[in-house]
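Handing you this structure, nothing more for now.
Here the structure is a predicted model, which is why all the values come from computation and not from measurement. The basis for the numbers below is simple: all heavy atoms, side chains too, and nothing from hydrogens, waters or symmetry mates. Proteins come first, then strands; the chains are lettered A, B, ... in the order of their sequence lines, and each starts at number 1.
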Number of protein chains: 2
Amino acid sequence: MIACYIGLVPDTPGNAVPAVVDNRADTAPTLRPHRESKKHLQREAAISTALELARREGTAGLTMRRLGDELDLDPTTLYRLFRDKDDLLLAVCDREIAITVDELGTVSSDEPWQDVLRRIAERAWEGVSRNPTVIALTFARTTGGPGERRMVELILSTFARAGLSRAQTVVYYRAFADAVLALRGQNAVLATLDPEVQEKDATAWSRIYAQLGADEYPAARAHIAELVDVKDQTIYFAIVEAIISAAERAGATADQG
Amino acid sequence: MIACYIGLVPDTPGNAVPAVVDNRADTAPTLRPHRESKKHLQREAAISTALELARREGTAGLTMRRLGDELDLDPTTLYRLFRDKDDLLLAVCDREIAITVDELGTVSSDEPWQDVLRRIAERAWEGVSRNPTVIALTFARTTGGPGERRMVELILSTFARAGLSRAQTVVYYRAFADAVLALRGQNAVLATLDPEVQEKDATAWSRIYAQLGADEYPAARAHIAELVDVKDQTIYFAIVEAIISAAERAGATADQG
DNA sequence: TGTCGTTGTCAACAGCGTTGACAACGTTGA
DNA sequence: TCAACGTTGTCAACGCTGTTGACAACGACA
């Protein structure tokens, strides 16, 4: 796991499915084996450095030139490892997902499926809190890489234990995954903006809504104290629980019918 | 409503709360009345044009230079109307929200609160489908403008009819609003990328996951047909229903207790 | 040893948001 | 009526971005 993180191990070598993240493989099909391996190592090293750079400098700091400086490489050399910046970002994102899966450790089938989903949601919360940059850039995307594939398999197999039909299983899997990704992406995008902007956003309720006329905005005025106090984390886990609960009930009715 | 849309009516003139979207007002406090008015009209016109430009050209097409061309204005002149591009985007986003609220029409208190929320979710779905650009750029932000204030008041007052405590009301209001915004933002960000990338994303399941080994990814293989078929819209409304349902049950237990 | 694919370096392009200077305009006050 | 001054529009420019193409040096294979 650690080796994968610092980028020394080519993930799942010999896998039947080529890493789709590596789109450059298409353009250079006659690459010699050990050259291919060297290129792979360079790619992995670049991904690790990009991850660290993103964590340190934020969205705006992750540019091809900065990454080149960090690697003592000419920025244009990176274009021999990645098709374009998008390709790089997806690879970095997939690495981040793989780390999150690793942190979950082993998942026993004895553990209630609801608790597994709660643990996944918690790891996703913490992972994004630790490094919002990458997820902010790619939360709407499919990496198709090994990290994502492992995460999909884990969540899907967990929902498969909820007693749902196959179609329902997929709906709730996607509901869970999309909600977690979208909500954490939302927070991440905000977290990667200027601190000044974040401050403006965080204090919006007290600045604006506390001053609204009670005649025109009665509900907002009546709930102003709670609106100011409520935390993003509370909202996030409330939504997660709502989805788990919906899957529970769908599974229960399916059992009865 | 139409007048507001095409930018002829300064929204809620004489409101006690100054439009926070207009941050430039701070920098020029001694502006003469009719000049202020003229500036306001120019702002509104620019917002309308930006909205149309975004709809036509997408995220990448909405640049200060392009907007200047469209308005027959020097691009730098826009910086006399908006503090920076962020200020412009928030203003455009708030206009978009106002349009969505307008489309909802009047909301009677006879209408079940659940149905009101469903209608709001539907309008949000359609509005973003029509013009994903703006929401893609600002879905993680608070505009603080009049459009947003009206939307907040509407959703909040709807949840206030669910029989929840004040704290619970706010939690479910935020859960609903954040989920709708985050999920539609997720779809919108994807919709504003290159068509080629979208295609890659849409076909990811059939391209990648259909080829996975059943030994390594049994759950993915078992559900591949359903994974390929399921629609974003189904997921979106499943999450909305899960939240409504959670609020319903929270309200019911609060009534009994 | 010669050949050819690969790698690293350099300059450059087109575009972006944004700033500052400067001239033209139009309202305001004497 | 005229001068003064704040406002507006225009221009050039800065620093930055992702990205491309050309060119020389390197290194493994025949």
Side-chain angles (χ1 to χ4, degrees), chain A residues 23-43 45-46 50 53-54 57-92 133 137-138 192-194 196-197, chain B residues 22-25 27-43 45-46 50 53-54 57-92 133 137-138 192-194 196-197:
Chain A
N23 290 304
R24 281 196 74 83
D26 304 358
T27 65
T30 60
L31 220 53
R32 291 159 202 165
H34 74 283
R35 294 242 172 143
E36 173 64 20
S37 157
K38 184 190 173 191
K39 196 167 201 168
H40 197 252
L41 289 180
Q42 283 185 311
R43 253 183 82 97
L53 180 61
E57 306 281 347
T59 311
L62 182 52
T63 71
M64 301 303 264
R65 284 173 173 86
R66 292 283 319 255
L67 181 57
D69 287 351
E70 211 77 14
L71 288 162
D72 268 326
L73 235 56
D74 194 276
T76 60
T77 304
L78 289 168
Y79 285 85
R80 302 198 188 276
L81 304 176
F82 304 91
R83 198 205 315 171
D84 50 24
K85 195 186 181 184
D86 190 64
D87 189 30
L88 165 68
L89 288 177
L90 286 182
V92 174
T133 303
L137 291 170
T138 56
T192 53
L193 297 174
D194 291 342
E196 177 197 345
V197 172
Chain B
D22 187 353
N23 292 304
R24 281 197 72 83
T27 66
T30 59
L31 219 54
R32 290 154 203 168
H34 74 283
R35 295 240 172 144
E36 174 64 17
S37 158
K38 185 191 172 191
K39 196 166 201 168
H40 196 252
L41 289 180
Q42 282 186 311
R43 252 183 83 97
L53 181 60
E57 305 282 348
T59 311
L62 180 54
T63 71
M64 301 303 265
R65 286 173 171 87
R66 295 275 327 246
L67 181 57
D69 287 350
E70 211 77 13
L71 288 162
D72 268 326
L73 235 56
D74 193 276
T76 60
T77 304
L78 290 168
Y79 284 86
R80 301 197 189 278
L81 303 176
F82 304 91
R83 198 204 319 168
D84 49 25
K85 195 185 181 185
D86 189 64
D87 190 29
L88 165 69
L89 287 177
L90 286 182
V92 174
T133 303
L137 291 170
T138 56
T192 52
L193 296 175
D194 290 341
E196 178 198 346
V197 172

* Contacts of B/T76 that satisfy side chain to side chain contact (heavy atoms under 4.5 Å, CB included) - sequence neighbours left out ->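 B/T76 satisfies side chain to side chain contact (heavy atoms under 4.5 Å, CB included) with B/D74 only.
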* Length of the CG-P vector between A/D87 and D/dT19, whole Å ->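 In whole Å, D/dT19 P and A/D87 CG are 10 Å from each other.
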* Taking only residues two or more places apart in sequence, or in another chain, which ones meet B/T63 in a side-chain hydrogen bond (donor to acceptor under 3.5 Å, both in side chains)? ->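 Listed in chain order: nothing, the list is empty.
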* Asked: What integer distance in Å separates B/L41:CG from D/dT8:P?
  ->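 Whole-Å distance recorded here is 12 Å.
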* Asked: Could you state the CG-P distance from A/L89 to D/dT17, rounded to the nearest angstrom?
  ->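 The answer, rounded to whole Å, is 14 Å.
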* **Atom-pair distance (CG on A/L71; P on C/dG8), nearest Å** =>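 Distance, rounded to whole Å: 11 Å.
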* Annotated protein contacts, base or backbone, on nucleotides 13-20 of chain C with a non-hydrogen cut-off under 4.0 Å, one of B, S, - each -> ---BBBB-
* **Gap between atoms CG and P, on A/D72 and C/dT9 respectively (whole Å)** =>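 Distance check: A/D72 CG to C/dT9 P gives 9 Å.
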* **Nearest-angstrom distance from the residue atom NZ of B/K39 to P of D/dT7** =>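 B/K39 atom NZ is separated from D/dT7 atom P by 8 Å.
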* Got a sec, which residues hit side chain to side chain contact (heavy atoms under 4.5 Å, CB included) with A/T192, two or more places apart in sequence or on another chain? ->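 For A/T192, the residues satisfying side chain to side chain contact (heavy atoms under 4.5 Å, CB included) (neighbours in sequence not counted) are A/T59, A/P132, A/T133, A/A136.
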* Looking at residues at least two apart in the chain, or sitting in another chain, which of them share a salt bridge (Lys or Arg N to Asp or Glu O under 4.0 Å) with B/D86? ->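 For B/D86 the salt bridge (Lys or Arg N to Asp or Glu O under 4.0 Å) partners, ignoring immediate neighbours, are B/R141.
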* Contacts of type salt bridge (Lys or Arg N to Asp or Glu O under 4.0 Å), residue A/R66, not counting sequence neighbours ->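 Partners of A/R66 under the salt bridge (Lys or Arg N to Asp or Glu O under 4.0 Å) test: A/E57.
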* Could you tell me whether the phosphate oxygens of D/dT7, OP1 or OP2, come under 4.0 Å of any side-chain nitrogen or oxygen in B/Q42? =>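 For B/Q42, the contact criterion (side-chain N or O under 4.0 Å from OP1 or OP2 of D/dT7) is not met.
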* Asked: Rounded to the Å, how far apart are A/L78 CG and C/dT9 P?
  ->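 For the pair A/L78 CG and C/dT9 P, the rounded distance is 11 Å.
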* To do: Carefully, step by step, assess A/V92 and A/L88 under the rule side chain to side chain contact (heavy atoms under 4.5 Å, CB included).
  => CA-CA 6 Å; A/V92 174; A/L88 165 68; 3.9 Å; yes
* Asked: How many Å lie between CG on A/L137 and C1' on D/dT17, as a whole number?
  ->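 Result: 14 Å.
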